[in-house]
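Position 1 is the first residue of the sequence; numbering continues from there. Read the numbers this way: they start at 1 and go in the same order the structure lists the ligands and their atoms. The basis for the numbers below is simple: all heavy atoms, side chains too, and nothing from hydrogens, waters or symmetry mates.
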Amino acid sequence: MSIERVTELPFLPERSQDAHKGTFGRVLIAAGSRGMSGAACLAGRGALRGGAGLVYVACPPEILPTVAAAEPSYLTIPLVEDLQGHIAETSLDILRIRAVGMSALAIGPGWGKSQGLQSLTRDLYEQIRQPMVLDADALNALAGSFDQLGRPHAGRVLTPHPGEFARMIDSDISTVQDNREDMSVDFAHRHNVVLVLKGAGTVVTDGKRLTVNPTGNPGMATGGTGDVLTGLIAALLAQGLEPFAAAQLGAWLHGLAGDLAAAERSQPGLIASDLPEFLPGAWKQYFSIQG
Ligand SMILES: NC(=O)C1=CN([C@@H]2O[C@H](COP(=O)(O)OP(=O)(O)OC[C@H]3O[C@@H](n4cnc5c(N)ncnc54)[C@H](O)[C@@H]3O)[C@@H](O)[C@H]2O)[C@@H](O)CC1
Ligand SMILES: Nc1ncnc2c1ncn2[C@@H]1O[C@H](COP(=O)(O)OP(=O)(O)O)[C@@H](O)[C@H]1O
Ligand SMILES: [Mg+2]
């Protein structure tokens with residue numbers, strides 16, 4: 001199998017003068033649980049700074065006031081929660097109804113683990129008609145059962161870190177790290193998804209094309225930076241980029257935001273909520289390169 005190595009960034013046109021928020025798509029993010037309201041907020045901010053026209057954050061009612069108070073620029077949707085403060089399986093109907101009219105979804109950051117989340121994830125993966133980013137606990141929920149999934153209706157972008165990828169394929173972190181490109185390509189090809197294997201030199205592949213992201217630094221090894229990436233890629237999907245392009249540009253902008261943040265605030269001083277703040281600088285560099 002020959003793999004095309006992609007080095008050129010995808011093209012996203014500058015905004016026309018008469019554009020409106022409907023032009024840039026609606027993103028629905030299902031995220032958070034008791035103790036992890038931050039993940040929902042960070043993913044929401046990543047989608048906003050990624051340029052989505054409207055961002056909705058759907059979360060357990062218990063954390064909704066916290067999520068809403070953290071950022072006024074997104075809207076919030078209360079889901080159904082279980083006794084442990086996780087999104088309950090019975091949230092499926094709300095999510096299916098609210099997904100109509102959305103341009104892209106993102107699920108998983110800060111979910112935690114429960115049995116209900118396993119069937120919820122499978123149903124969303126198979127039934128939702130929009131492109132979708134799956135991260136963190138949505139990936140844990142599908143671990144070991146990717147072979148049994150039905151064919152989805154639209155693109156699926158999976159964003160595991162090496163620990164999550166090892167869990168997904170029943171391997172271990174050192175084997176994954178020794179074979180980052182081959183194992184990513186193999187998984188993406190077999191399951192017809194875009195796989196984003198995070199960590200230094202993030203690998204993005206759809207099984208036919210592959211790119212290794214050149215931006216980013218160890219200052220980004222701090223809780224919540226991946227949640228920002230999840231929202232950012234969803235925003236790029238919502239703006240019409242195809243899944244591989246959205247993942248490639250998302251990883252590049254995210255890493256560059258991290259590089260700009262580290263230059264100003266140092267690597268140890270970088271925290272996840274810096275990344276949305278430095279995304280505007282990353283966008284400026286992107287448009288200056290595009291000419
Ligand atoms: N503010 C918040 O609410 C936050 C919530 N978070 C959520 O917390 C939950 C648990 O996620 P975690 O990722 O912490 O837990 P995991 O147990 O899935 O993964 C953490 C482990 O994965 C391995 N790993 C990760 N990146 C690696 C790399 N580049 N190279 C080698 N090994 C690597 C390491 O062994 C690490 O200890 C998720 O739902 C996540 O979204 C986190 O994003 C942190 C911030
Ligand atoms: N050493 C590094 N170099 C470049 N990027 C890194 C490095 N360490 C972490 N990152 C990036 O930070 C993000 C961490 O995501 P993740 O592990 O999901 O964190 P969290 O779940 O806490 O949000 C990923 O985008 C990853 O590529
Ligand atoms: Mg993560």
Do me a favour and list the nearest non-hydrogen protein atom to [atom] with residue, atom name and distance?
| atom | result |
| --- | --- |
| atom 8 (N) of ligand 2 | A221 CB, 3.7 Å |
| atom 27 (C) of ligand 1 | P162 CD, 3.5 Å |
| atom 15 (O) of ligand 1 | H161 NE2, 4.3 Å |
| atom 26 (C) of ligand 2 | G199 N, 3.5 Å |
| atom 3 (O) of ligand 1 | A39 N, 2.9 Å |
| atom 44 (C) of ligand 1 | G224 N, 3.5 Å |
| atom 4 (C) of ligand 2 | N217 N, 3.4 Å |
| atom 17 (O) of ligand 1 | R167 NH2, 3.1 Å |
| atom 38 (C) of ligand 1 | D137 OD2, 3.5 Å |
| atom 43 (O) of ligand 1 | D227 OD2, 2.8 Å |
| atom 34 (C) of ligand 1 | I173 CD1, 4.3 Å |

Counting only heavy atoms closer than 4.0 Å, does ligand 2 sit against the backbone of [X], its side chain, both, or neither?
| X | value |
| --- | --- |
| H254 | side chain |
| L42 | neither |
| D227 | both |
| M220 | both |

Is there a nitrogen or oxygen of [X] sitting under 3.5 Å from a nitrogen or oxygen of ligand 2?
| X | result |
| --- | --- |
| G201 | no |
| G226 | yes |
| T215 | no |
| T225 | yes |

Under 30°, 30 to 60°, or over 60°: which ring-plane class applies to H191 and F146, parallel, tilted or perpendicular? tilted
Enumerate the atoms of ligand 2 whose separation from the nearest heavy atom of [X] is less than 4.0 angstrom.
| X | value |
| --- | --- |
| P218 | 1 (N), 2 (C), 3 (N) |
| G223 | 22 (O) |
| T202 | 27 (O) |

Given the protein's heavy atoms, is any one of them under 4.0 Å from [atom]?
| atom | value |
| --- | --- |
| atom 22 (O) of ligand 1 | yes |
| atom 10 (C) of ligand 1 | no |
| atom 36 (C) of ligand 1 | no |
| atom 30 (N) of ligand 1 | yes |

Inspect the surroundings of [atom1] in [X] and state if more than 12 heavy atoms from other residues, nucleotides or ligands are less than 6.0 Å away.
| X | atom1 | value |
| --- | --- | --- |
| R98 | CZ | no |
| Q148 | CD | yes |
| Q127 | CD | yes |

Check each atom of ligand 1 against the heavy atoms of [X] and keep those under 4.0 Å away; list them by number with element.
| X | result |
| --- | --- |
| P109 | 41 (O) |
| Q177 | 30 (N), 31 (C) |
| A136 | 38 (C), 39 (O), 41 (O) |
| W111 | 39 (O) |
| G199 | 29 (N) |

Point-to-point distance, once rounded to the nearest 0.5 Å, from CG of L42 to CG of D227: 5.5 Å
Determine whether the side chain, the backbone, both or neither of M36 has a heavy atom under 4.0 Å from any heavy atom of ligand 1. both
Can you check which of Q267, K198, M36 brings a heavy atom nearest to atom 18 (O) of ligand 2? K198
Which atom names give the shortest non-hydrogen contact between [X] and [Y], and what distance separates them?
| X | Y | value |
| --- | --- | --- |
| P152 | Y125 | CB-O, 3.4 Å |
| K198 | H161 | CE-N, 3.8 Å |
| G112 | L117 | O-CD1, 3.5 Å |

With a 4.0 Å cut-off on heavy atoms, is G110 touching ligand 1? yes
Side chain to side chain contact (heavy atoms under 4.5 Å, CB included), that's the test. Do W252 and V204 meet it? Break it down for me. CA-CA 10 Å; W252 187 85; V204 179; over 6 Å; no
Does ligand 2 have any atom that is closer than 4.0 Å to a heavy atom of G224? yes
